[in-house]
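Fair warning: this is a prediction, and the values are worked out from it, not measured in the lab. Per chain, numbering begins at 1; letters A, B, ... match sequence-line order.
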Number of protein chains: 2
Amino acid sequence: MKHGPDIVTLAALIGDPARANILTALMAGHALTASELAAEAGVTPQTVSAHLNRLEDGALIRRRKQGRHAYVELAGPEVAQALEGLMGLAASTGQLRSRPGPRDAALRQARVCYDHLAGDLGVQMFAAMRRQGALSLGREGLTLTHTGVALMGDLGIDLATLPRSRAPLCRECLDWSARQSHLAGRIGRAMLARFETLGWMVRQPGSRALRVPQNGLIAFNHLFPQEETRL
Amino acid sequence: MKHGPDIVTLAALIGDPARANILTALMAGHALTASELAAEAGVTPQTVSAHLNRLEDGALIRRRKQGRHAYVELAGPEVAQALEGLMGLAASTGQLRSRPGPRDAALRQARVCYDHLAGDLGVQMFAAMRRQGALSLGREGLTLTHTGVALMGDLGIDLATLPRSRAPLCRECLDWSARQSHLAGRIGRAMLARFETLGWMVRQPGSRALRVPQNGLIAFNHLFPQEETRL
DNA sequence: GCGATGCTTCGATTACCGTCGAAGCATGAA
DNA sequence: TTCATGCTTCGACGGTAATCGAAGCATCGC
């Protein structure tokens with residue numbers, strides 16, 4: 001009868017408060033243990049274990065056993081991307097979990113989306129790189145141009161040391177706050193890691209928000225300036 | 001505790017088979033009556049009515065009463081966009097509702113995404129317009145350039161007759177099959193409508209797939225050629 | 001080794017919600 | 001008015017799944 005991908009299983013998995021809390025906590029990109037997730041979701045460890053079984057069956061998370069700890073992480077960037085998509089819809093329909101406060105403003109400016117930079121600064125970076133010709137949109141998706149390769153060199157990112165995997169180098173990811181694209185993929189991950197190393201951005205414990213010191217913001221704006229003109 | 005948009009309600013709404021069928025049926029962009037949706041979802045009218053109540057509370061659909069009929073449509077393009085996002089994740093995790101067949105191939109080539117063109121041809125059009133400089137990505141999102149305005153004129157689309165609304169003229173929409181962006185927004189809607197008027201694409205009853213006659217495909221490819229080179 | 005910690009499985013309870021039959025309430029046709 | 005159609009509300013049934021207590025099973029520290 002119906003064709004195309006089956007969204008019911010996925011949506012049902014996400015549509016439980018405890019599981020949604022788990023997934024949201026994992027959006028920060030760090031692997032968390034089962035007990036940490038229990039505290040995060042507000043349920044007992046047994047309940048979390050049951051949820052992790054279902055999430056793993058649904059290919060939304062991966063579990064790695066290390067000693068007596070079970071580290072949990074999202075199955076991949078696509079999961080984070082789809083979650084951001086849902087958040088975008090929730091934001092547009094005005095369904096906010098909490099009243100907008102300072103935390104939310106910080107989230108809007110810069111946050112971690114699984115493993116890459118999202119928020120206003122993420123969108124700004126993506127737009128600037130497109131404008132500078134560092135990224136090119138071809139039939140096979142987003143690719144890094146020669147300009148982009150040079151830019152990575154200036155930043156101090158050695159492309160040769162990037163992990164070899166089937167994951168795409170560059171990928172677009174839609175932003176729930178800005179409603180525009182930002183850069184995901186292995187390059188996106190490497191760039192965020194570099195920004196953290198440079199001290200331009202600092203992760204906040206227990207939150208997806210990124211703190212951006214003034215010197216970091218200045219350097220960032222210099223490299224990825226905002227577009228002044230628009231039609 | 002948690003911040004950001006509340007995705008639980010939305011995901012729970014989508015995560016029911018009957019409701020997912022209803023939403024999927026509405027993705028074609030046409031308004032459907034409650035009884036049509038009942039047949040589509042395979043449940044009784046009472047059940048559909050209950051589901052429509054919940055979907056309306058969740059701001060996923062709108063109901064318009066006309067006589068004794070109740071026409072139902074998606075609340076907006078954002079809903080369709082989020083649904084496509086979920087389909088993308090489902091496709092990437094290999095959760096297909098049916099074995100890939102001819103219908104699915106047609107869906108991948110060209111389909112209706114609520115009110116605009118999606119699928120390979122949609123992605124191809126978006127990429128070609130970016131390359132031709134018809135679309136520009138600025139801080140405020142995607143905008144139509146002078147080149148783009150001229151292109152609309154060549155196509156026979158009168159921008160002045162577009163409905164005035166707060167909806168953006170241009171918007172990106174991620175494609176579940178091609179994993180790249182295609183064009184949504186009021187322009188996207190107008191262009192698909194124009195393609196149908198020109199006979200380049202024909203809606204298939206009861207499906208989101210678009211039939212593309214050979215002369216339509218030739219004309220389309222001439223106007224929005226595929227990119228030959230990539231880095 | 002032995003206890004402690006962390007995670008998992010099992011079983012039972014409970015609450016929610018999807019479903020439909022029956023009835024109510026509009027609108028349109030005769 | 002009267003009947004038919006389409007949709008909705010009400011009430012009840014049934015199944016699913018979320019939750020936790022208790023117990024089992026690894027692993028780590030001592």
Side-chain angles (χ1 to χ4, degrees), chain A residues 1-2 6-26 30-75 97, chain B residues 1-2 6-26 30-58 60-75 95 97:
Chain A
M1 215 71 66
K2 299 287 162 299
D6 174 27
I7 61 176
V8 179
T9 317
L10 288 176
L13 282 176
I14 304 172
D16 171 81
R19 284 194 294 263
N21 281 339
I22 290 174
L23 292 172
T24 306
L26 293 176
H30 295 295
L32 297 174
T33 67
S35 12
E36 287 170 330
L37 290 174
E40 197 75 29
V43 291
T44 58
Q46 313 94 285
T47 306
V48 161
S49 190
H51 284 311
L52 293 184
N53 283 335
R54 300 201 53 189
L55 288 172
E56 202 170 23
D57 286 344
L60 287 181
I61 62 164
R62 266 197 312 259
R63 245 189 299 202
R64 287 180 303 133
K65 297 207 153 196
Q66 275 189 16
R68 48 183 171 184
H69 294 280
Y71 284 96
V72 182
E73 56 190 2
L74 292 187
R97 179 174 288 183
Chain B
M1 215 69 66
K2 299 286 161 299
D6 175 27
I7 61 176
V8 179
T9 318
L10 289 176
L13 282 176
I14 305 172
D16 171 79
R19 285 194 293 263
N21 280 339
I22 290 175
L23 292 172
T24 305
L26 292 175
H30 295 295
L32 296 174
T33 67
S35 9
E36 288 170 328
L37 290 174
E40 197 74 30
V43 290
T44 58
Q46 312 95 284
T47 305
V48 162
S49 189
H51 285 312
L52 293 183
N53 282 337
R54 300 200 53 188
L55 289 172
E56 200 170 25
D57 286 344
L60 288 180
I61 62 164
R62 267 197 312 257
R63 246 189 300 202
R64 289 179 303 135
K65 297 206 156 197
Q66 273 189 18
R68 49 183 168 182
H69 295 279
Y71 285 95
V72 182
E73 54 190 4
L74 291 187
Q95 307 188 4
R97 180 174 289 182

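The backbone N or O of B:Ala41 sits nowhere less than 3.5 Å from a side-chain atom of B:Arg19 that would complete a donor-acceptor pair.
For B:Thr44, no side-chain nitrogen or oxygen approaches OP1 or OP2 of C:dT19 to under 4.0 Å. Proximity of A:Thr47 to the phosphate of D:dC20: a side-chain N or O atom is located under 4.0 Å from OP1 or OP2. Between B:His69 and the phosphate of C:dG28, there is no side-chain N or O to OP1/OP2 separation shorter than 4.0 Å. At least one side-chain nitrogen or oxygen of A:Ser49 sits closer than 4.0 Å to the OP1 or OP2 atom of C:dT8. Checking the phosphate oxygens (OP1, OP2) of C:dT19, a side-chain nitrogen or oxygen of B:His51 falls inside 4.0 Å. For the pair B:Arg63 and D:dC7, the criterion of a side-chain N or O lying under 4.0 Å from OP1 or OP2 is not met. B:Asn53 has no side-chain polar atom (N or O) that falls below the 4.0 Å cut-off from OP1 or OP2 of D:dC7.
In this entry the distance linking CG of B:Leu37 with C1' of D:dT8 reads 15 Å, nearest Å. Rounded to whole Å, the distance from OH on B:Tyr71 to P on D:dT8 is 13 Å. Between the CG atom of B:Asp16 and the C1' atom of D:dT16 there is a distance of 12 Å, given to the nearest Å. Straight-line distance from the CG atom of B:Leu13 to the C1' atom of C:dC17: 12 Å, rounded to whole Å. In this entry the distance linking CD1 of B:Ile14 with P of C:dG18 reads 14 Å, nearest Å. Distance CZ (B:Arg64) to C1' (D:dT8): 19 Å, rounded to an integer number of Å. Whole-Å rounding puts the B:Arg54 CZ to D:dT9 C1' distance at 16 Å.
Remark: the B:Asn21 side chain and the B:Thr24 side chain contain no N/O donor-acceptor pair separated by less than 3.5 Å.
When distances are taken from the side chain of B:Arg68 to each of C:dG6, C:dG18, C:dG28, the shortest belongs to C:dG28. Distances were taken from every side-chain heavy atom of A:Ala70 (C-beta onward) to each of C:dT8, D:dT9, D:dT19; the shortest belongs to C:dT8. When each of D:dC7, D:dA18, D:dT19 is scored by its nearest atom to the side-chain atoms of A:Arg19, the top-ranked nucleotide is D:dA18. Considering only the side chain of A:Leu52, C:dT8 comes nearest among D:dC20, C:dT19, C:dT8. Side-chain proximity of B:Pro45 to D:dG6, C:dG6, D:dT8: nearest is D:dT8.
Residues satisfying the side-chain hydrogen bond (donor to acceptor under 3.5 Å, both in side chains) criterion with B:Ser35, sequence neighbours excluded, are absent altogether.
Comparing B:Val48 and A:Ala18 by the nucleotide of DNA chain D that holds the closest heavy atom to each, the one mapping nearer the 5' end is B:Val48. Two residues, B:Gln46 and A:Thr33, neighbour DNA chain C, and the one matched to the more 5' nucleotide by heavy-atom proximity is A:Thr33.
Between B:Asp16 and B:His51 there is a side-chain heavy-atom pair separated by less than 4.5 Å. In this structure the side chain of B:Leu26 reaches within 4.5 angstrom of the side chain of B:Ile22, judged on heavy atoms.
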Donor-acceptor pairs under 3.5 angstrom involving side-chain atoms of residues 61-72 of chain B: please list them, not counting sequence neighbours.
unit_1: B:Arg62; atom_1: NH1; unit_2: B:Ala75; atom_2: O; d: 2.9
unit_1: B:Arg62; atom_1: NH2; unit_2: B:Glu73; atom_2: OE2; d: 3.4
unit_1: B:Arg63; atom_1: NE; unit_2: B:Glu56; atom_2: OE1; d: 3.2
unit_1: B:Arg63; atom_1: NH2; unit_2: B:Asn53; atom_2: OD1; d: 2.7
unit_1: B:Arg63; atom_1: NH2; unit_2: B:Glu56; atom_2: OE1; d: 2.8

